[in-house]
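Report on the structure given below.
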Amino acid sequence: MIPGSFSYHRPSSVQETVGLLAKLGDDGRALAGGHSLIPMMKLRLAEPANLVDLAGIADLKGIRTDGNDIVIGAMTTQHDLIGSDLLGTKIPLLRETSLQIADPQVRYFGTLGGNVANGDPGNDMPAVMLCLGATYHATGKGGERRLAAREFYQGAYFTALEAGDVLTAVRIPVPPAGHGSAYEKLKRKIGDYATAAAAVVLTMSGGKVSTCSIGLTNVAETPLWAEEAAKILTGSTLDAATVKKAVAAAEAITAPASDARGPAHYRTKMAGVMLTRALARAKSKARG
Ligand SMILES: Cc1cc2nc3c(=O)[nH]c(=O)nc-3n(C[C@H](O)[C@H](O)[C@H](O)COP(=O)(O)OP(=O)(O)OC[C@H]3O[C@@H](n4cnc5c(N)ncnc54)[C@H](O)[C@@H]3O)c2cc1C
């Protein structure tokens, strides 16, 4: 339970961080809120010789509007997301999801950037980012790149980030006014990771679904974007038969591990139950 020894660095700009990480190579690792990385270090599953703390970089914090997008600095904490009136009005799904992550103590430290960069399929924010069509801003040796969240996750703990990249911000297109959204998460107890969870954003017009997007958490090595299921629902009234068909399509793309949270088949079925609940709640909130 005691991490190996390491050197601590506290740069004050993104450029300084990128330079440091380039110099340190495989021996350096970015530190954000530390609430995934430090436990891994205590278990000796991660043994970085150098931690490069991002906490002193003011540019990485904050929530701002940019045209039709909201841009959230990577070091913005889950607690900050919950407290943001802008997000509460424009993208309430983020507040709802943040409130289901761990407990207040973790949320005071855990950052949005750390949650999406970590690559742990149990993290809640990645599936929500797939659902919302978010883009990640990353800066590395070659300058700044923009990476679609839907193409970012490659395997458990493998992402499109390259060695030495710093994820600086998350850009989210604001869903249309009147949209409905929900995040349904099954967990064994408060503070647990999801047995299965589903995020939904939809719009309705004349009682029918005009647009729909679905993300699934912790039922595969990566978060899942359930594109086919959303297509099935589009144009429907969310009647029981169509929902059943869409849920079957979503379940079909899952490949969870059997673990302490239950056997694979159970977790797949729970993803379907979470999706059914999220669809009903999103519909109840949508106008049109
Ligand atoms: C008891 C407990 C319960 C938890 N329950 C949940 C839960 O239910 N759901 C959930 O989603 N999470 C949960 N977490 C994890 C928590 O949300 C973490 O805070 C989060 O996963 C990582 O964010 P962090 O800021 O702490 O990142 P860190 O732990 O500092 O970093 C995580 C990884 O991301 C990398 N990284 C971080 N920031 C950047 C960046 N800007 N650029 C490049 N790489 C970066 C680090 O190098 C590291 O590899 C839990 C944690 C604990 C301790």
Practice prompt. Report the C-alpha distance between Val166 and Ile57 in whole Å, list the side-chain angles of each, state the deciding distance to 0.1 Å, and finish with yes or no for side-chain contact (heavy atoms from CB on, under 4.5 Å).
Written response: CA-CA 12 Å; Val166 179; Ile57 309 174; over 6 Å; no
Fill in: Chi angles and distances behind the side-chain contact (heavy atoms from CB on, under 4.5 Å) call for Val273, Arg277
CA-CA 6 Å; Val273 173; Arg277 289 183 187 172; 3.7 Å; yes
Practice prompt. Before giving the answer on salt bridge (Lys or Arg N to Asp or Glu O under 4.0 Å), spell out for Arg261 and Asp192 the whole-Å C-alpha distance, their side-chain angles and the decisive distance to 0.1 Å.
Written response: CA-CA 10 Å; Arg261 293 185 176 81; Asp192 194 16; 2.8 Å; yes
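Tyr136 OH to Ile72 CD1: the interatomic distance, rounded to the nearest 0.5 Å, is 10.5 Å. Interatomic distance, Ser284 OG to Met204 CE, rounded to the nearest 0.5 Å: 10.5 Å. If you take OG on Ser213 and CZ on Arg150, they are separated by 4.5 Å, rounding to the nearest 0.5 Å. With rounding to the nearest 0.5 angstrom, the CD atom of Gln100 is 9.0 Å from the CD1 atom of Ile190. Separation of atoms CG (Asp124) and CG (Leu94) is listed at 12.0 Å; rounding is to 0.5 Å. Separation of atoms CG (Asn218) and CE (Met274) is listed at 13.0 Å; rounding is to 0.5 Å.
The shortest side-chain heavy-atom distance between Val170 and Met129 falls under the 4.5 Å cut-off. Side-chain contact between Thr111 and Leu60 is absent, with no heavy-atom pair separated by less than 4.5 Å. Side-chain contact between Pro176 and Arg287 is absent, with no heavy atoms from C-beta onward closer than 4.5 Å. Side-chain contact between Pro104 and His79 is absent, with no heavy atoms from C-beta onward closer than 4.5 Å. Taking 4.5 Å as the limit, every side-chain heavy atom of Lys61 sits out of range of all side-chain heavy atoms of Asp80. The shortest distance between side-chain heavy atoms of Leu86 and Thr65 falls below 4.5 Å. Using a 4.5 Å heavy-atom threshold, the side chains of Gln15 and Thr139 count as touching. For the pair Val200/Cys131, no side-chain contact is recorded, criterion being any heavy-atom separation below 4.5 Å from C-beta on.
Both Val52 and Val18 belong to a common hydrophobic cluster when Ile, Leu, Val, Met, Phe, Trp and Tyr are linked at side-chain heavy-atom distances under 4.5 angstrom. Note: the hydrophobic cluster containing Ile172 also contains Tyr153 (ILVMFWY, side chain heavy atoms under 4.5 Å, direct or indirect links). No chain of hydrophobic side-chain contacts below 4.5 Å, direct or via other Ile, Leu, Val, Met, Phe, Trp or Tyr residues, connects Val201 to Val209. Under the 4.5 Å side-chain heavy-atom criterion for grouping Ile, Leu, Val, Met, Phe, Trp and Tyr, Leu224 is not connected to Leu130 through any hydrophobic cluster. Val14 and Leu20 fall within a single hydrophobic cluster, where Ile, Leu, Val, Met, Phe, Trp and Tyr side chains are chained together by heavy-atom contacts under 4.5 Å.
Residues satisfying the salt bridge (Lys or Arg N to Asp or Glu O under 4.0 Å) test with Asp66, not counting sequence neighbours, are Arg171. Qualifying salt bridge (Lys or Arg N to Asp or Glu O under 4.0 Å) partners for Arg29, counting only residues two or more places apart in sequence or in other chains: none. Residues forming a side chain to side chain contact (heavy atoms under 4.5 Å, CB included) with Ala117 (at least two apart in sequence, or on another chain): Leu161, Leu167. In this view, Lys244 satisfies the salt bridge (Lys or Arg N to Asp or Glu O under 4.0 Å) rule with no residue, not counting sequence neighbours. Looking at residues two or more places apart in sequence or on another chain, you find a salt bridge (Lys or Arg N to Asp or Glu O under 4.0 Å) between Lys269 and Glu251. Considering only residues two or more places apart in sequence or on other chains, Thr89 meets the side chain to side chain contact (heavy atoms under 4.5 Å, CB included) condition with none of them.
Around atom CG of Leu45, more than 12 heavy atoms belonging to other residues, nucleotides or ligands sit under 6.0 Å away. Within a 6.0 Å radius of CG in Asp85, other residues, nucleotides and ligands contribute 12 heavy atoms or fewer. Atom CD of Gln105 has 12 or fewer heavy atoms from other residues, nucleotides or ligands within 6.0 Å.
Put simply, the side chain of Tyr266 never gets that close to the backbone of Ser258: no donor and acceptor are under 3.5 Å apart. The backbone N or O of Gln154 sits nowhere less than 3.5 Å from a side-chain atom of Thr222 that would complete a donor-acceptor pair. Using a distance-only test at 3.5 Å, with no hydrogens or angles considered, no donor-acceptor pair links the side chain of Thr242 to the main chain of Leu233. Not one N or O on the side chain of Thr254 forms a donor-acceptor pair closer than 3.5 Å with the backbone of Ala250. Side chain of Asp69 to backbone of Val71: no donor-acceptor contact under 3.5 angstrom is found. Between the Lys90 side chain and the Ile70 main chain, no donor and acceptor come within less than 3.5 Å of each other. Judged purely by atom type and a 3.5 angstrom limit, Arg95 uses its side chain to pair as donor or acceptor with the backbone of Ile82. With hydrogens and angles disregarded, no donor-acceptor distance shorter than 3.5 Å links the side chain of Asp27 to the backbone of Asn50. Of the possible donor and acceptor atoms, none in the side chain of Lys185 sits under 3.5 Å from a partner among the backbone N and O of Ala197. Remark: the backbone N or O of Leu81 is not paired with any side-chain donor or acceptor of Arg107 at under 3.5 angstrom.
Under the 3.5 Å distance criterion, with hydrogens and angles disregarded, a donor-acceptor pair is assigned to the side chains of Thr217 and Tyr183. If you check the side chains of Tyr157 and Asp120, you find a donor sitting under 3.5 Å from an acceptor.
Here the closest heavy-atom approach between residue Ala257 and residue Arg267 is recorded as O-NH1, 2.9 Å. Considering every non-hydrogen atom in both Pro48 and Phe6, the closest pair reads O-CB, 3.4 Å. Scanning both residues, Asn115 and Ile101, for their nearest heavy atoms gives ND2-CD1, 3.8 Å. Heavy-atom minimum distance, Gly235 versus Lys208: O-CD, 3.3 Å. Cys212 and Ala230 make their closest contact through O-CB, 3.3 Å (heavy atoms, listed as atom of the first residue, atom of the second, distance). The shortest heavy-atom contact between Ala220 and Pro121 is O-CB, 3.3 Å.
Residue Ile91 is tested with Pro173, Ser84, Pro175 for a side chain to side chain contact (heavy atoms under 4.5 Å, CB included); the sole match is Pro175.
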